[in-house]
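A quick note: this is a predicted structure, and the numbers were derived from the prediction, not measured. For the numbers below, each heavy atom of this structure counts, side chains included, while hydrogens, waters and symmetry mates do not.
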Amino acid sequence: MLLSIIAAWGAPLSAADVEVTLSPDTPPAFSNQILDTNVPIVEFILEASGGDVTLTGVTITLSNDNSAGDAFNAVRVFFDADGNSVYSAGEEVDSFQDPNGGTTLTFTENFTVLSGLQRRLQVQVDIDDAPSEYGENYTVSIAASSDLPRMTGTDTVSGTFPVTGNNLVLRNSLVALGPGSGNFTAPRNVALGTLNAPALHFELDSRTATSPGELVGIDLESLTATINMAAAANAGVVDGVELYSDDGDATFEPGAGDNLILRRTSADTASWQVTGAVLSVVFDGAEIEALASIDSGTARSFWIAYDLNSTADAQLEAQVQRTGVIGSEGVDGDFILTTPAAISGQSMFVVSGGGGGGGGGGGGNQSGEEGGCAVALSAPPLALLALLPILARRRRKTHARD
């Protein structure tokens, strides 16, 4: 009996283990504004077996470490000791740290994972006022088992390392470019000399961030309309290109609900460029900057229209490309989603005696209908008028024979 007790006393203690996995509640890839605090970026699960495991701290690794020093002014780690998935100030491990360009951050304080239980470790960041970091991606990981040091040397840490969270991207807004409900879906004819001929109806949808992210919205800096033409000479048919706000009914009503924001002409040499068979018209300046912001979770629609002269027939197709939508925070801060790359108003054939063709419903909307607008029709061509007496004489001869 005594010998067995002595043998047991001298035998090595069985090791306990804590397994590290990524929590299913870790945030998905998300975007977030700058100047935000206590943003959860990753959550790990710690599960002990074979006994309680006391850890003496944790080291986390930041990706994009050079940029992280500018993006974050505080990184915090919380251990959910009571298992209620609520992270209180009393559960913070050590105190916050400023990355300052460092690859790794070590938080030193004892915390115990009880055997048979799961406990969570969450990392939160405070995002600095860092517009230069818009568009940058960040992840946080526990890179190796040695990044969770144990109080008892025989205890172990297991897992598939590195255990890494999802991407956080710094953005001011995420905006989807899309067709307005009054946009044209088929080519149509428009008469020479038509004023305020609607060419394109488009929408800017400022998206709500994926949780836990927060986004602000977009303040427009500039919009560019790209007009594809049959030939460079077609630009001479366009006296002006206008940008109108839409009052929400998707019917083009210039001056009667839809307000003119800005009109460009060839006299605006910096904003009116013909390159080959493409006319690019830039709407920018005080009129655009004065527009109310499109807040996150809201959308706004606009019209592009032409003033046409009567010099020649033409073929025009108005587009707005995603690269032509610029917000005040730049292309990385106010990010335009990559799909679709452009919205088209379909081809407009500017012809003598034009009118009709496909509208928002593909069948040719009339004034007052969705996507419709009054279009003036010119008089019948002179050649047709000359044929009328001949047709009338032939008809009289036919009746005489009868």
message: I'd like to know if D307 and R263 make a salt bridge, using a cut-off of under 4.0 Å between side-chain N and carboxylate O.
response: yes

message: Between T112 and L114 (side chain of the first, backbone of the second, donor and acceptor by atom type, cut-off under 3.5 Å), is there such a pair?
response: no

Pairwise distance OG1(T298) to CD1(I218) - rounded to 0.5 angstrom: 10.5 Å

message: Could you report the tightest heavy-atom contact between E43 and Y87, atom names first, then the distance?
response: OE1-OH, 2.7 Å

- prompt: Between R322 (side chain) and L337 (backbone), is there a donor-acceptor pair under 3.5 Å?
  reply: yes

message: Could you check whether any side-chain heavy atom of R120 comes within less than 4.5 Å of a side-chain heavy atom of L46, counting everything from C-beta outward?
response: no

field: Residue pair T226 / Q319, side-chain donor-acceptor N/O under 3.5 Å
entry: no

Pair D284 + R264: basic N to acidic O under 4.0 Å: yes

- prompt: Rounded to the nearest 0.5 Å, what separation is found between the CG atom of L22 and the CG atom of N166?
  reply: 6.5 Å

field: Exercise: do Y134 and D334 side chains pair donor with acceptor under 3.5 Å
entry: no

- request: Output, in order, the C-alpha distance, side-chain angles, deciding distance and verdict of side-chain hydrogen bond (donor to acceptor under 3.5 Å, both in side chains) for S115 and D52.
  value: CA-CA 5 Å; S115 182; D52 300 344; 4.8 Å; no

- prompt: Within 45 degrees of the axis of the six-membered ring of F184 and under 6.0 Å from its centre: does R188 put its NZ or CZ there?
  reply: yes

message: I'd like to know if the side chain of S344 and the backbone of Q346 have a donor-acceptor N/O pair within less than 3.5 Å.
response: yes

message: Looking at every non-hydrogen atom in both residues, tell me the closest pair between L291 and D219 and how far apart they are.
response: O-OD1, 4.5 Å

message: If we count only N and O atoms by modelled type, under 3.5 Å, do the side chains of N64 and E136 hold a donor and an acceptor together?
response: yes

field: Residue pair S301 / E203, side-chain donor-acceptor N/O under 3.5 Å
entry: no

task: State the CZ-OG distance between R207 and S173, to the nearest 0.5 angstrom.
output: 11.5 Å

query: When you measure from the side chain of D128 to the backbone N and O of A130, does any donor-acceptor pair fall under 3.5 Å?
result: no

- prompt: Looking at N38 and P40, what are the two nearest heavy atoms and their distance?
  reply: O-CD, 3.3 Å

Non-hydrogen atoms of F79 and R119 that approach each other most closely: CE1-CB, 3.5 Å

- prompt: Is it the case that E317 and Q315 place a side-chain donor and acceptor less than 3.5 Å from each other?
  reply: no

message: Has D80 got a side-chain atom pairing as donor or acceptor with N84's backbone, closer than 3.5 angstrom?
response: yes

field: Heavy-atom side-chain contact between F107 and L121 under 4.5 Å
entry: no

field: Donor-acceptor contact below 3.5 Å, side chain S271 vs main chain D268
entry: no

- prompt: Can you find a pair of side-chain heavy atoms, one from Y306 and one from L316, that are under 4.5 Å apart?
  reply: yes

Spacing of T59 atom OG1 and L148 atom CG [to the nearest 0.5 Å]: 8.0 Å

- prompt: Side chain of D147, backbone of A143: donor and acceptor closer than 3.5 Å?
  reply: yes

statement: So CD1 of I45 and CG of D25: to nearest 0.5 Å the spacing works out to 7.0 Å

task: Please answer whether the main-chain N or O of A286 pairs with a side-chain N or O of E289 as donor and acceptor at a distance below 3.5 Å.
output: no

- prompt: So which pairs with a foot in residues 138-180 pass ring-ring contact (aromatic ring centres under 6.0 Å, His included), sequence neighbours left out?
  reply: F72-Y138

- request: Considering non-hydrogen atoms only, spot the tightest contact between A225 and F283 and give its length.
  value: CB-CE1, 4.1 Å

field: Candidate pair N73 and D98, rule side-chain hydrogen bond (donor to acceptor under 3.5 Å, both in side chains), full reasoning
entry: CA-CA 5 Å; N73 54 21; D98 188 332; over 6 Å; no

message: Ignoring hydrogens and geometry beyond distance, is a side-chain donor-acceptor pair present between N110 and T56 at under 3.5 Å?
response: no

field: Presence of salt bridge, D94 and R76, under 4.0 angstrom
entry: no

- line: Rounding to 0.5 Å, atoms CG (L168) and OG1 (T139) come to a distance of 9.5 Å

query: With a 4.5 Å limit on heavy-atom distance, are the side chains of T265 and D239 in contact?
result: no

query: Is there a donor-acceptor contact under 3.5 Å from the side chain of Q124 to the main chain of I41?
result: no

Verdict with supporting geometry, F252 and Y244, ring pair (Phe, Tyr, Trp, His ring centres under 6.0 Å): CA-CA 9 Å; F252 186 48; Y244 282 87; 5.2 Å; yes

Any donor-acceptor N/O pair, D246 side chain to D258 backbone, under 3.5 Å: no

